[in-house]
Amino acid sequence: MNRMDKSRRAELIAQYKEMKPQMGVYMLKCIPSGRIYLGFTQDMKSMLNRHQFTLRSGLHKCKELQREWNEYGESQFEVKVVDTLAYDKDESKTDYTEDLELLRDIWKDKLKHVEMI
């Protein structure tokens, strides 16, 4: 590896370390029943992967959601990011749980006409 390659590699590693995962509120909707599961996370990609894995494995913590998944199948579910939360300019802030709970509660209110799982 020449000098330029090492420099580029170091730059890419630094960029990767600075990346921040998308955070926000997401929804898993069972299309036939119209019921939704509303959640929030500080790492959207990881959380949605976790839901998919646990539902496919039959091990999801929400038994109602798992039951509907088993009954209707994966193809009958819509997965959607409903809102995102921007990172605070204050870099020392690392826990966004309260902000995310508030954002989820706002969406629960907006979707109060829809049955929640």
Side-chain angles (χ1 to χ4, degrees):
M1 190 180 288
N2 69 32
R3 191 174 182 96
M4 188 64 134
D5 290 336
K6 286 181 183 179
S7 173
R8 179 68 177 142
R9 183 173 186 271
E11 179 184 334
L12 291 173
I13 289 171
Q15 285 176 357
Y16 177 77
K17 288 180 178 180
E18 290 295 316
M19 288 175 48
K20 295 179 181 176
Q22 181 185 44
M23 59 182 170
V25 177
Y26 60 89
M27 171 179 71
L28 300 165
K29 179 180 180 180
C30 179
I31 298 166
S33 73
R35 297 174 73 200
I36 62 170
Y37 177 95
L38 203 59
F40 66 88
T41 182
Q42 285 190 210
D43 187 344
M44 193 67 70
K45 184 177 177 183
S46 294
M47 181 58 75
L48 295 179
N49 284 338
R50 180 184 308 162
H51 279 297
Q52 186 178 49
F53 176 79
T54 57
L55 286 164
R56 286 178 176 169
S57 302
L59 302 170
H60 200 278
K61 66 178 182 171
C62 178
K63 300 305 177 200
E64 289 181 64
L65 180 61
Q66 185 69 62
R67 185 183 51 73
E68 290 200 8
W69 181 276
N70 294 345
E71 182 177 343
Y72 298 110
E74 182 175 353
S75 65
Q76 294 301 304
F77 277 79
E78 175 186 350
V79 178
K80 183 177 177 183
V81 175
V82 293
D83 209 343
T84 58
L85 184 66
Y87 283 88
D88 200 303
K89 290 180 181 169
D90 178 4
E91 294 288 325
S92 67
K93 182 173 181 176
T94 58
D95 186 4
Y96 289 85
T97 304
E98 288 181 16
D99 300 310
L100 289 164
E101 285 177 341
L102 178 60
L103 189 59
R104 185 207 45 208
D105 291 346
I106 290 168
W107 276 98
K108 273 187 174 180
D109 191 51
K110 287 181 182 183
L111 297 169
K112 62 185 170 195
H113 63 284
V114 178
E115 186 177 351
M116 300 282 173
I117 295 177

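All values below were derived from every heavy atom in this structure, side-chain atoms included, with hydrogens, water molecules and symmetry-related copies excluded.
For the side-chain contact (heavy atoms from CB on, under 4.5 Å) criterion with F40, the lone passing option out of L85, L103, D83, T97 is T97. The side-chain contact (heavy atoms from CB on, under 4.5 Å) test with M116 singles out one residue from K108, R35, E64, M27, and that residue is K108.
Here the closest non-hydrogen pair linking P21 and D43 is CB-OD1, 3.5 Å. Between Q66 and L59, the shortest heavy-atom contact is OE1-N, 3.4 Å. The two residues A86 and Y96 have their closest heavy-atom pair at O-CE2, 4.3 Å. Across T94 and Q42, no two heavy atoms sit closer than the pair O-NE2, 3.2 Å. I36 approaches L111 most closely through the heavy-atom pair CD1-CD1, 3.6 Å. Summarising the geometry of I117 relative to L65, their closest heavy-atom pair is CG2-N, 3.5 Å, with the distance given to 0.1 Å.
Atom CD in Q76 sits 11.0 Å away from atom CD in E71 (nearest 0.5 Å). Distance check: E74 CD to R56 CZ gives 4.0 Å after rounding to the nearest 0.5 Å. Rounded to the nearest 0.5 angstrom, K93 NZ and D88 CG are separated by 5.0 Å. Between the CZ atom in R104 and the CG atom in L38 there is a gap of 7.0 Å [rounded to 0.5 Å]. Rounded to the nearest 0.5 angstrom, H60 NE2 and E68 CD are separated by 12.0 Å. If you take NZ on K110 and CD1 on I106, they are separated by 7.0 Å, rounding to the nearest 0.5 Å.
Put simply, V82 and L28 are part of two different groups of oily side chains (I, L, V, M, F, W, Y) that touch within less than 4.5 Å, one to the next.
Counting non-hydrogen atoms of neighbouring residues, nucleotides and ligands closer than 6.0 angstrom, the CZ atom of F53 reaches no more than 12 such neighbours. More than 12 heavy atoms of other residues, nucleotides or ligands shown are found within 6.0 angstrom of CD on E78.
Residues F77 and H51 place their aromatic rings such that the two centres sit no closer than 6.0 Å.
Checking side-chain atoms of Q22 against main-chain N and O of M44 turns up no donor-acceptor pair under 3.5 Å.
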